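Below is one structure; the comments refer to it alone.
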2 protein chains.
Amino acid sequence: MTVEPQRGRAPSIRDVARLAGVSHQTVSRVLNHHPSIRPETKQRVLDVIADMQYKPNRAARALVTSRSRTIGILSASSTQYGPASSIAAIEEAARASGYWVSTANIESSDARSIADGLAHLAAQGIEGLVVIAPQVRVFDTLAQLSIDVPYVSLQSTGRDPDHALSVDQIAGARTATRHLIEQGHRSIYHLAGPQDWIEAEARMRGFLEEMSAQDVPTTAPILGDWTADFGYHAGRELLTVRDFTAIFASNDQMALGLMHAIRDAGLEIPRDISIIGFDDIPEAAHFWPPLTTVRQDFAELGRRCVALLLGDLDPAAPDYRGTITPELVVRGTTGAPAF
Amino acid sequence: MTVEPQRGRAPSIRDVARLAGVSHQTVSRVLNHHPSIRPETKQRVLDVIADMQYKPNRAARALVTSRSRTIGILSASSTQYGPASSIAAIEEAARASGYWVSTANIESSDARSIADGLAHLAAQGIEGLVVIAPQVRVFDTLAQLSIDVPYVSLQSTGRDPDHALSVDQIAGARTATRHLIEQGHRSIYHLAGPQDWIEAEARMRGFLEEMSAQDVPTTAPILGDWTADFGYHAGRELLTVRDFTAIFASNDQMALGLMHAIRDAGLEIPRDISIIGFDDIPEAAHFWPPLTTVRQDFAELGRRCVALLLGDLDPAAPDYRGTITPELVVRGTTGAPAF
DNA sequence: TTTCGGCATGTTCACGGTCACACACGCCGG
DNA sequence: CCGGCGTGTGTGACCGTGAACATGCCGAAA
């Protein structure tokens, strides 16, 4: 009977050591690129590693270093294009830096599910947190649970610049609003996102700022929930009065719903009513008419997000903050108002 | 100097034990719901746990049990509604069962990125794998990397029933096709998804089966890439000849692109050409006209997926396989052909 | 009464890495 | 000629948890 190389159990650093004729510590040094290893020793160890298909045990490493190398994402409405794109980009960037990503999706954004999601991530020992959710409540909860990890939210409030990316949502919203005003609109509604989403708030603020800067009288924004269904129903409601010529929707889905309602009412876009969206989802170019909107680079957002987090974790990581300014994409849903 | 309760380091099971006046193993038993613990001892331990805000160390537990309680998701095009919904549902179901979810999104689906993604997940010690990607290639790669974990793919090929959910894509596609035929269409194109996606293949097969069952002559399906852009360009191409009265698109986005191309050509839907999609994304009801499509319950899919995986991992988990049959949703894009 | 089995709990060890320290060797400067 | 230092390597402890085994006690069966 020969001494089988530990059948049934994955090879450990000590198995590698034995076969390479070195100590387990030497193997560890090879794995961690320790400088003082003789090249031939290193090669021998690497050969054995390849040979045995040795894979380091993450749990063991995490235990002793007390570093999980995991980033958590708390996300609401992750089925939407924007969040989903950012998540994908975050995951990719994290992976490139040797981090893992674990997600907790919350369906409703009540305090309870937020707490559940955060607790779940915390139990995993995440080293950093990305929040794509109603952020106001999340931060409160974070404090309550005394979870203490670096975190980043995808949008800037202005009040917490260290933990947020300066995607200039306000500028984007102002651009959208200005576009409508420049077309000659004076009665413009804003269909905003949920109140406790910071990006919704920022876009709303941009809208209001531009309106007042241009001396156009404003009505109170309508608070929506990001869905096309909501846009549709809000549109039906608004059309019973029809005291406007344009609507700025806080995302493309709600814009789509609005368009549906407007057509249902027998009106034409943009002849009767102009619509502008926000995000530039890939489908927006194929709506009828193709949607004028504001393009956001969600992927870039995700990437910077990780860079920001890793800046806290690994001082080596490149720090490239800076403002991403969304870009107006004029298509077919905006035009001069009819009189 | 008093003996401070280990400032700086998170409390461990032993800290709890010391304060509760028991051994660390007793604490461990409380945590793992071991039956023979005196209720009062248990309570005392639980009190101390709550008091110290003790959180079990996942890495240590994973190390000793050699169970990571992590499910990996390999996903391509996770920004699309379908995959994103399933991912969210998988995550939620896994969380409910005490599992974590780690994702690897791959942008391109070449062998290299698939291998990278899988290696990344494998390095994490995942216990199960969900594949939402071009599955044919993934399974080959899985074997090549000699990664041996239970896996589930979101769609059934028929040939691998243990590792797939029986969402009856074929039946769904047949229903869609039959709907068109019943409306009187005899020249029907199929705009399929990418060839190596099993769901694309299944829908294509359903289309072909129904066409031949009803004795309608068939042309070769066009292989697309799921995007609205592709649908648009394919539509323009097809309209140069215009030897058809209906198109069955393998997903709603491509259907949207087709609709755009058709309208660009000055034609009307469904008067001139009928369109049917697949998935029923939330926006589909608000397209113009609202899209007739086949509804898939992505969330249910995700949930069953986890149940299936956990069936392999935890014999206790409820096993509810069974076929989910997609459902036809008739809206405004299909009608009788004009002659 | 004695033995035995089960309950409640404690003791020790193992998991697979990393870290602190020790050690052997060769080289260089005082 | 010897001590110190840098290089390459080995030894043992330790991270936090759970499993195996041990222990003491109590009640039921022999």
Side-chain angles (χ1 to χ4, degrees), chain A residues 5-46 48-49 52-70 98 100 122-125 127, chain B residues 5-46 48-49 52-70 98 100 122-125 127:
Chain A
Q6 291 282 23
R7 285 197 58 67
R9 192 180 249 15
S12 84
I13 207 175
R14 289 180 160 84
D15 298 321
V16 173
R18 187 157 14 87
L19 260 76
V22 295
S23 75
H24 66 104
Q25 178 60 353
T26 300
V27 178
S28 170
R29 283 196 259 258
V30 170
L31 291 170
N32 294 291
H33 308 105
H34 188 98
S36 56
I37 293 271
R38 242 188 327 152
E40 59 207 77
T41 311
K42 180 170 185 171
Q43 194 50 55
R44 189 150 33 98
V45 170
L46 288 175
V48 175
I49 285 176
M52 304 183 80
Q53 297 204 307
Y54 163 80
K55 304 237 165 43
N57 181 315
R58 191 169 91 103
R61 186 173 279 174
L63 176 59
V64 70
T65 58
S66 53
R67 298 208 42 190
S68 65
R69 294 191 80 82
T70 299
W100 284 274
Q124 188 169 13
E127 289 184 48
Chain B
Q6 292 284 22
R7 286 197 58 68
R9 192 180 245 23
S12 84
I13 208 177
R14 288 185 156 85
D15 298 321
V16 174
R18 189 158 10 91
L19 260 75
V22 295
S23 75
H24 80 271
Q25 179 62 344
T26 300
V27 178
S28 170
R29 287 192 181 104
V30 170
L31 291 170
N32 294 292
H33 308 105
H34 188 99
S36 55
I37 294 272
R38 242 187 327 151
E40 59 208 77
T41 311
K42 181 170 184 171
Q43 194 52 54
R44 190 151 33 98
V45 170
L46 288 175
V48 175
I49 285 176
M52 306 183 77
Q53 296 204 307
Y54 163 80
K55 304 238 163 43
N57 181 316
R58 189 169 91 104
R61 188 173 276 177
L63 177 59
V64 71
T65 57
S66 53
R67 297 209 42 191
S68 65
R69 293 190 82 81
T70 299
W100 284 274
Q124 187 169 14
E127 288 185 49

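Proteins get letters first, then strands, A, B, ... in listed order; numbering begins at 1 in each. None of these values were measured; they are calculated from a predicted model.
- Nearest-nucleotide assignment on DNA chain D puts the 5′-proximal partner with Arg38(A), out of Arg14(A) and Arg38(A).
- Proximity note for His24(A) (side chain, C-beta onward) versus dA13(D), dC21(C), dG16(D): the nearest is dA13(D).
- The side chain of Thr65(A) sits closest to dT18(C) out of dT18(C), dC21(D), dT9(D).
- Between Thr70(B) and Arg58(B), the side chains place a donor N or O and an acceptor N or O closer than 3.5 Å (distance only, hydrogens not considered).
- Taking side-chain N and O atoms only, Arg67(B) has no distance below 4.0 Å to OP1 or OP2 of dG18(D).
- For Ser36(B), counting side-chain heavy atoms from C-beta on, the closest listed nucleotide (dT17(D), dA8(C), dC21(D)) is dA8(C).
- Considering only the side chain of Ser12(A), dG17(C) comes nearest among dG17(C), dC15(D), dG18(D).
- If you check dT11(D), dG16(C), dT9(C) against the side chain of Gln25(A), the one that comes closest is dT11(D).
- Of the candidate nucleotides dC21(C), dG18(D), dG16(C), dG16(C) has the atom nearest to the side chain of Ala60(A).
- Here Ser66(B) lies out of heavy-atom contact (under 4.0 Å) with every strand.
- When rounded to the nearest whole Å, the span between CG of Asn32(A) and P of dC19(C) equals 7 Å.
- Counting all heavy atoms, side chain and backbone alike, Tyr54(B) lies closest to Ile13(B) at CE1-N, 3.6 Å.
- Counting non-hydrogen atoms under 4.0 angstrom, Leu63(B) reaches a base of the nucleic acid.
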